[in-house]
Amino acid sequence: MQSLHETENVFIKNGVMVVEKMDIIVCVKHVPDTAEAEVTIDPSGRDIKKEGLPFDINEWDNYAIEEALLLKEKHGGKVTVITVGPEEYNETLRKCLAKGADEAIRLYDESFKGSDGYTTAKILYSAIKNMKFDLILTGAMAGDDGYAQVGVTLAEMLGIPHASLVKKVEVKDGWVKVNRELEGGLEEVAEVKLPAVLAIQTGINEPRYVSIAGIRRAAKKEIKVLGLAELGLSKEEVGELGSPTRLERLFIPEVTKKVEFLTGDPSEVASKLANVLKEKGVL
Amino acid sequence: MVEVLVLAEHRKGELRDITFEMLTGARKICDKIGADLTVALLGFNVKEFAKELADYAKQVLIVEDERIKEFNSEAYQKILAKIIGERKPLLVMIGHTAIGMDLAPSLATSLNIPLTTDCIGLDFKDGKLYAIRQIYSGKVNAEITFKDAETYMVTIRSGAFQPEKPEPPMGGGIINIPSPLTDEDFAVKKFVEYVEEAKGEIDISAADIVVSVGRGIKDAKNIPLVEEFAKAVGGVLACSRPIVDKGWLPKDRQVGISGKTVKPKLYIAVGISGAFQHLAGIKGSGVIIAVNKDPKAPIFRVADYGIVDDLFKVIPVLKDKILELKGK
Amino acid sequence: MAEQEILQRLNLLACMQCGICSGSCPITVKAPLNIRRIIRELVLTRKLPKHKEEYIWGCTTCSTCEVRCPRELKPYELLIDIRNWLVEEGEVPVNIRDALESVYKHGNPWGRARSKRSEWAEGLNLKQPTQGEKISLLYFVGCAPAYDSRVQEVAKALVKIFGKMDEDFRFLGNDETCCGSEIYSMGEKGLFEWLVEENQNLFNKYAIDLMVTTSPHCFNIFKTRYPEIKFEVQHYTQYLCNQLEKGKLKFQEKFEATVTYHDPCFLGKRNNIFEEPRKILETIPGIKFVEMPRNKAQSLCCEGGGGRMWYDLPGERLAEARIMEAESTGAEIIVTSCPFCLINLEDAVKTTGKEEKIKVMDLAEIVAQTI
């Protein structure tokens, strides 16, 4: 693998020599927002009905692209966004371009449908292995399927180190110092040698706003689309055929614990609740 | 003999709950398919843990090395790849935690093992492994199957299984495995230190009554509404993750896996839909009351009492009612 | 040059730096906003004053500066242009960012799903129009009345009033989209243009005679910045006043209370609608109407306009001062006719601890109780 560190990692900013110009790849996903939606299962039984749901960049990826842009502003370099998905995913790529990403790549073939986390990483790998980069950022997980698998898998395929659940990034001397979010309000500080993959956790920064005019301007920028052949993949290696796991069926979870709903207007509800609290001796 | 291998998780001198939760889940599977339960313990000066774990498993594999006093995914991967390669367990279980998320995907990839993550249920039917996991923030469950393989790997969500100690204790044997690590294994990733979130004046994990506010509050300026309600019930104000991400309340008020675990007598969730990472942080609570507009919000699956209404309508009335009662 | 265009569009070379604008700006008590100086900066340097301070977002676009300007300028429009620059730079306060993103994604600034927009109307049997339908009255609900539980009461009151008057009205249900008034004021002009296009395309599907809005903000923007709207747009106070004059609106019940009226900026100062709401109030039997010292064009802003529903400026809220003022008149109820005023004044009643002294009501709620 080629990294910029071996070649041209010095540039001048405000008359000061700055080292470690960063070429960063950010992997993003276009996901439906189901926060308030009544989720129903489609006739295939293996997907949800997505008509009428608004789509947007995956929340974690939104922090990842922001972090990449902050690093670029600090160190110089280039940010490339990459996604695996159909044409609708351009919307998320354009949003990233409008925010300041330099290039966008979309990987797509009909046969990608049904790819699991491993295979999605493999598709990304087949494109990224030929690219120059110092750092790859992904979201720590996706808000739709929540596998939290692609970034770390991709690192292993590329043969480079990784860190997940990253809440702070500092690049210095060919290493990146990260804070990883652990359980119970604890963080771990770790150092990872570049090039590396970092899976970004929400809250690491404050994602910038991108104006509609900006998105419209970005619509003129080129989005490179790579298919099966360009990626050197075969149908057997991707989608359901190529995936080690398969989503067999979806079902709406049963209520395991019976909740008692207190109904009525707010004052009736308040009285009922007050009775409960008295009964339970917590008030 | 068929084997199920569980990775023990520990940090700062304590075995983590997820270890016992996984061992309980794994034991049920072992009973069903007639497999041996093995637990792998990696660390340094962890012999005491091995003794404790021996009660839960047929055998405890222990690898000690001063360099893995703290978790390091590169080093763990090397050790586990060796153990899995040699023992070829049918199933490997790792927590879907900060450790598991940093380890399982690369470990599985390096060994070419099918992996699915964040499972809340597992079953073997006719020799085939089925995993259940939640998607779309808990609104839908998915059943996952695997391509035939010698070994499968899953990561398990915190709280998916209730920990139970086997009766009688299993009295497993402790097997020491020499560390295969060299300094080379730490050439690209190094643990530096832990940093603790600065402790605030209020310790939500010690409170008897916790009132938590979530995304439903819409705006930082509405938080006093819930804060006053918390005061009225004699509780402390806490929150879900988005509120901290937005900077509306400090991190030490956050309930959930990445925040604090709370076990109050009374937990009131206001405008919280109930992402799993939040639910896992309240599972030891006494009475759980939830106020949310969406009757299908996952929080109602764990709540004892639910109020389906707009929090802005309900909370002021509840507050007044409670103050009135207290006045009497 | 963008600067040249702004100078011309806003006619700012006519400014004689008299300082009446900054002198009458209600925000100056809370933030170092000096609009006269900012105009001077632009005129002098011929460069957009690139201020990033929070006071740029403090302006409520109440238009007091415009009302008082002897040269008939709109000073606050320059702040909107500065906001537009900040928006294009991506330097937007977090809550405003979320509101803007929500409008693009969900069609409302409150972060709520589009599929829940008409939830408030469940069980009311409201009708949505079919393609090409001739609509004598289209009720444009607005985002706050659709989603805010308090303001939903106002929407329900208006539905009751329409019903009493046998209006065969229509509403747009979940197809209704943000009017863009606040989006324009927050400086997201690209998003605003997109909304205008979306809304005009939607309205063009029907043959609308009259649109009535809950909010003065929707009313104002449809009147002033939707060039293709050919039908009549009225705020509900105008509509009710017309019905009163026609003898269609009749009051059956008494409403025994001393009330005062708070003029919403976007109805009063922006559109000179001062008399209609007063006429309705004074006709309702039982009402004793009193004026506040600051009334009509002198009305004090509640701090709800200009995107300020999503951006808080520290310090005493003007709405709190307004509640004190209302109380001093002896009024038991302060009536208004704008969702933002209703929300802010009600908050102020609570923060000043005046719950026992004074109540906030929307004019539509009183009408619905008395017809």
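Protein chains get the first letters and strands the later ones, always in sequence-line order, with residue 1 at the start of each.
- Among C:Arg112, C:Glu119, C:Lys116, the residue making the largest number of heavy-atom pairs under 4.5 Å with chain B is C:Arg112.
- By number of non-hydrogen pairs under 4.5 angstrom with chain C, the leading residue of B:Lys246, B:Lys313, B:Arg215 is B:Lys313.
- Residues C:Val154 and C:Glu365 have side chains in contact (heavy-atom distance under 4.5 Å, counting atoms from C-beta outward).
- Counting non-hydrogen atoms of neighbouring residues, nucleotides and ligands closer than 6.0 angstrom, the NZ atom of B:Lys231 reaches no more than 12 such neighbours.
- Of the atoms belonging to C:Tyr147, it is backbone heavy atoms, and not side-chain ones, that fall under 4.5 Å from chain B.
- Remark: aromatic rings of C:Trp310 and C:Trp57 are distant, center separation not under 6.0 Å.
- The side-chain heavy atoms of C:Thr60 and C:Cys265, taken from C-beta on, include no pair separated by under 4.5 Å.
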